Amino acid sequence: MTLRLYDSLRRSVHDVEPLVPGRLGLYVCGPTVYGPIHVGNARPFVVAQTLARHLRRTGWEVRVVSNLTDINDKIYAAAQAEGIASVALAERESARYLDDTSRLGLGRPDVEPKVTDALPEIIAMIEGLIAGGHAYAADGDVYFRVADFPSYGALSGQRIDEMQPEEITSKKQAPLDFALWKAQKPGEDAAWESPWGLGRPGWHIECSAMAMSALGEEIDIHGGGIDLKFPHHENERAQSESITGRPFARTWLHNGMLRFGGDKMSKSLGNVDRLADALDREGAETLLSLFARAHYRSPLDYSPASLEDARKSNDRLREALRRAARVAGTTAPAAAGPLAATAAAVDARFRAALDDDFATPEALAALFELVRTLNAALDAGPADPADVAQARAVLVDCLDVLGLAGLAATADGPPAAAVALLQEREAARAARDFARADAIRDELQALGWVVQDLADGPELQPA
RNA sequence: GGCGACGUGGCCGAGUGGCUAGGCAGCGGCCUGCAAAGCCGUCCACACCAGUUCGAUUCUGGUCGUCGCCUCCA
């Protein structure tokens, strides 16, 4: 099966043709670390990590690179507001970003470069741009000459003559020119040496430099939020292609925005839910399920109702896995029954859906088909344990791609007190004292355990 | 104002020129002491107006509306 992805530059879905057969390099723009990230910021991370999991499962060798921008105007501002050194603030927020995203349980990108570690590459690239006539130094600053890059605007669909840029700053030669290097300004407590004096890189150059450094001059896939398309990715493209004369990214991958209360979730609007808070409240699985429910390019509604839906669909998956585990035992996967056949078909459909522009909703639908078939088989009577084990294995395997394998985890058993109550309830039921039995069920509920009377006896599950 | 995306059933959310998306919720049934879980059946669609077509939710044009970008932004 061929991997197909939507390329923002070509504005269509196309077959992915890797630079090296069997291998894919993926660069995703990470955060500027000036404060805690919100749930929306997590979307590109989740898309990249889950896409990589799918690709690895289907035989690709994948290298994910995602940067931390730890030099930026906002970092100076935030540090000043707190009265601490900007370097200290960036380090603290970098660590916090790594902690927060790690809690999603999707692992880490293979490489996570920081701007502060990439100054030599950045400076070399700026020198190259100046040498090639694509950029010019001006009194400690360096600017990229946009007029020098004919296809500027092609990625974002902006036309240079239609753009209404801010008024020209004194050192720029043209309004659209953007900074590659900025001279240190008063109040900025950190600066780096360069051929143009003390200063720091502009916003866009670091991604070009770090992407090339980690993945080469041409990269397979470059991703990020769609709000980065302009100017960030447009500028990255201009810089990179000016210096190499080759396409920078073979596929530009952009995820849609998270909507919160009808608007894009963003720090500037203030309608944010911090990722750490959301993880505390909802847990990683609910958030990951929510992300998977919508196609990565679509806007995604983040609301109590959508979280509730995500939680409940996880419950359904968890319940099916639990039922299957009771029957499956430790049977070796040598199954060939009808359920195993369905499982195989669903696995194929799951992979095909993700290969087709990473259609997680369709992939999820395939899994629910297997859930329904599995439940029906379990309802129908004694099921072949090997078949059930096979179906369960496929479910777990597929869910793992989405970071949801934890739904198969067996919870810690109930405490002795709860077990005792359950036994008491069984005695009451045997005596047909249903009032007593129901009262005990309420007590168990209060302890956090739900009773289910199954065909082969009662079972306690975490509420 | 410019560029782009999109408008699907009670809600969320896929998809397709004629053939079941899926989840949640509702209704009926089975199972159950009851409940939960599950299964079966079922109601509720493709913003509006034209056009193309044997046939459009699916293509074309227009209208209205929503969202994103054009400034920091995942």
Side-chain angles (χ1 to χ4, degrees), chain A residues 8 11 28-32 34 37-48 66 72-74 77 153 156-159 161-166 176 203 223-232 234 254-259 262-269 272 275 289-290 292-295 297-301 303 305-320 322-323 349 353 356 359-369 371-380 428-429 432-435 437-438 441-442 445 450-455 458-459 461 463:
Chain A
S8 297
R11 291 158 215 278
V28 184
C29 287
T32 297
Y34 68 99
I37 66 163
H38 61 245
V39 184
N41 294 311
R43 179 121 93 143
F45 180 89
V46 170
V47 169
S66 184
N72 181 279
D73 282 338
K74 291 189 169 183
S156 56
Q158 306 288 334
R159 290 198 318 205
D161 52 345
E162 293 282 356
M163 286 197 258
Q164 302 167 14
E166 57 191 306
L176 288 171
W203 176 32
I226 198 167
D227 54 352
L228 290 184
K229 204 153 54 157
F230 190 90
H232 187 56
E234 195 72 70
H254 290 111
N255 62 271
M257 298 291 100
L258 205 66
R259 271 207 293 247
D263 296 313
K264 163 185 163 183
M265 184 182 287
S266 76
K267 287 173 191 161
S268 36
L269 285 174
V272 301
L275 178 60
S289 178
L290 179 68
R293 295 176 80 241
H295 187 98
R297 283 194 280 119
S298 298
L300 171 57
D301 200 48
S303 67
S306 63
L307 285 163
E308 172 77 6
D309 276 3
R311 199 177 310 123
K312 287 191 171 170
S313 63
N314 276 354
D315 286 345
R316 182 164 160 81
L317 291 163
R318 193 182 285 112
E319 185 67 32
R322 205 147 48 188
R323 289 188 77 188
R349 187 177 150 206
D356 186 11
T360 52
E362 162 68 18
L364 224 35
L367 262 32
F368 280 105
E369 180 194 322
V371 165
R372 198 181 328 106
T373 307
L374 173 63
N375 279 328
L378 292 171
D379 277 1
R429 291 182 73 212
R432 302 198 67 79
D433 181 358
F434 295 120
D438 290 348
R441 180 159 61 199
D442 291 343
Q445 175 80 42
V450 173
V451 181
Q452 283 192 11
D453 294 317
L454 305 168
E459 192 169 279
Q461 283 160 19

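Computed from a prediction, not measured in an experiment: that's the story for all the values here. Below, chains carry the letters A, B, ... as their sequence lines are ordered, and counting in each starts from 1.
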- line: From CG of A:Leu367 across to P of B:C24 the rounded distance in Å is 14 Å
query: Considering only B:C72, B:G13, B:G68, which nucleotide approaches the side chain of A:Ser268 most closely?
result: B:C72
query: Over how many whole Å does the gap from A:Arg372 atom CZ to B:A37 atom P extend?
result: 17 Å
message: Please give the distance between the P atoms of B:C19 and B:U57 as a whole number of Å.
response: 11 Å
query: Rounded to whole angstroms, how far apart are CG on A:Leu454 and C1' on B:A37?
result: 7 Å
Nearest-nucleotide comparison on RNA chain B, the residue closer to the 5′ end among A:Lys74 and A:Ser156: A:Ser156
field: Same-atom distance (C1') from B:C11 to B:G62, integer angstrom
entry: 31 Å
statement: Taking for A:His295 and for A:Asp309 the nucleotide of RNA chain B with the nearest heavy atom, the one nearer the 5' end belongs to A:His295
task: Look at all strands and tell whether A:Gly40 reaches a base, only sugar-phosphate, or nothing, counting heavy atoms closer than 4.0 Å.
output: base
message: Side-chain N or O of A:Lys229 versus OP1/OP2 of B:C70: is the shortest distance under 4.0 Å?
response: no
task: Give a yes or no answer on whether the side chain of A:Glu234 reaches the backbone of A:Gly153 with a donor-acceptor pair at less than 3.5 Å.
output: yes
query: In terms of side-chain heavy atoms of A:Asp301, which of B:G13, B:A21, B:A74 is nearest?
result: B:G13
message: Could you tell me how far B:U66 sits from B:U16 if I compare only their P atoms? Round to whole Å.
response: 27 Å
message: Let's see if you can work this out: which of B:A21, B:C69, B:A74 has an atom nearest to the side-chain heavy atoms of A:Lys264?
response: B:C69
message: What's A:Gly256 touching, base or sugar-phosphate or nothing? Going by heavy atoms closer than 4.0 Å.
response: base
Quiz item: A:Arg323 side-chain donor-acceptor pair to B:G38 base, under 3.5 Å: no
message: Taking A:Asp315 first and then A:Arg318, would you say they form a salt bridge - that is, a charged N and a carboxylate O separated by under 4.0 Å?
response: yes
query: Hey, does A:Gln452 reach any base, or is it just sugar-phosphate, or nothing, if we go heavy atoms under 4.0 Å?
result: base
- prompt: If the P atom of B:G61 is compared with that of B:A5, how far apart are they to the nearest Å?
  reply: 12 Å
- prompt: Nearest-Å distance, CD (A:Glu369) to P (B:G23)?
  reply: 10 Å
message: Just to be sure I understand the rule, does A:Leu364 reach a base, reach only the sugar-phosphate, or reach nothing, if contact means heavy atoms closer than 4.0 Å?
response: nothing
- prompt: Is any N or O donor-acceptor pair between the side chain of A:Asp438 and the base of B:G33 shorter than 3.5 Å?
  reply: yes
field: Stems where RNA chain B pairs, listed by first number, each of three or more Watson-Crick or G-U pairs under 3.5 Å
entry: B:1-7 with B:64-70, B:10-12 with B:22-24, B:26-30 with B:38-42, B:47-51 with B:59-63
- prompt: Within this structure, what is the CZ-to-C1' distance between A:Arg316 and B:G38, rounded to whole angstrom?
  reply: 8 Å
query: Do A:Phe368 and the base of B:G22 stack face to face, with centres under 5.5 Å apart and an angle between planes under 30°?
result: no
message: Say we look at B:A47 and B:U42: how far apart would their P atoms be, to the nearest angstrom?
response: 25 Å
query: Reckon A:Asn72 touches a base, only the sugar-phosphate, or nothing at all at heavy-atom distances under 4.0 Å?
result: nothing
message: Heavy atoms only, 4.0 Å cut-off, all strands: where does A:Val451 land among base, sugar-phosphate and nothing?
response: base
field: Rounded distance in Å - CZ (A:Arg297) to C1' (B:C69)
entry: 17 Å
field: Sugar-phosphate only, base, or nothing, as touched by A:Ser303 at under 4.0 Å among non-hydrogen atoms
entry: nothing
Out of B:G68, B:A74, B:C39, whichever nucleotide has its closest atom nearest the side chain of A:Asp379: B:C39
- prompt: Considering only side-chain heavy atoms of A:Arg432, which listed nucleotide, B:C12, B:G33, B:C67, is closest?
  reply: B:G33
field: Spacing between A:Lys312 atom NZ and B:G13 atom P, to the nearest angstrom
entry: 17 Å
Non-hydrogen atoms of A:Arg323 and A:Asp379 that approach each other most closely: NH2-OD1, 2.7 Å
query: Any ion pair linking A:Arg322 and A:Glu319 (charged N to carboxylate O, less than 4.0 Å)?
result: yes
field: Side-chain donor or acceptor of A:Ser306 paired with backbone N/O of A:Asp301 under 3.5 Å
entry: yes
query: Within the structure, does a side-chain N or O atom of A:Asn375 lie under 4.0 Å from either OP1 or OP2 of B:G38?
result: no
message: How close do A:Asp453 and A:Arg429 get, counting heavy atoms only, and between which atoms?
response: OD1-NH1, 3.1 Å
query: Could A:Glu308 and A:Arg311 be called an ion pair, given the rule that one side-chain N must be under 4.0 Å from one carboxylate O?
result: yes
query: If you measure from the C1' atom in B:U63 to the same atom in B:C69, how many Å do you get, rounded?
result: 24 Å
query: Counting side-chain heavy atoms from CB outward, which of B:A14, B:C70, B:A74 is closest to A:Leu258?
result: B:A74
message: Taking any heavy-atom pair under 4.0 Å as a contact, classify A:Arg441: base, sugar-phosphate, or nothing.
response: base
- request: Would you check if the side chain of A:Ser156 reaches a backbone N or O of A:Lys229 as a donor-acceptor pair within less than 3.5 Å?
  value: no
- prompt: Which atoms form the tightest heavy-atom contact between A:Leu300 and A:Ala294, and what is the distance?
  reply: CD1-CB, 3.6 Å
- prompt: Which part of the nucleic acid does A:Ala305 contact within heavy-atom distance under 4.0 Å: base, sugar-phosphate only, or nothing?
  reply: nothing
task: With P as the reference atom in both, quote the distance from B:A35 to B:C27 in angstrom, rounded to an integer.
output: 14 Å
- line: Nearest heavy-atom approach of A:Ala320 to A:Leu374 is O-CD2, 4.0 Å
message: Using a heavy-atom cut-off of 4.0 Å across all strands, would you classify A:Ser313 as base, sugar-phosphate, or nothing?
response: sugar-phosphate
field: Side-chain donor/acceptor of A:Glu362 to backbone N/O of A:Ala353, under 3.5 Å
entry: no
- prompt: Looking only at atom C1', what distance separates B:G22 and B:G28, rounded to whole Å?
  reply: 22 Å
message: So, does A:Asn255 get its side chain near the phosphate of B:A74, meaning an N or O under 4.0 Å from OP1 or OP2?
response: no
- request: Rounded off to whole Å, could you give me the CZ-to-C1' distance for the A:Phe45 and B:A74 pair?
  value: 13 Å
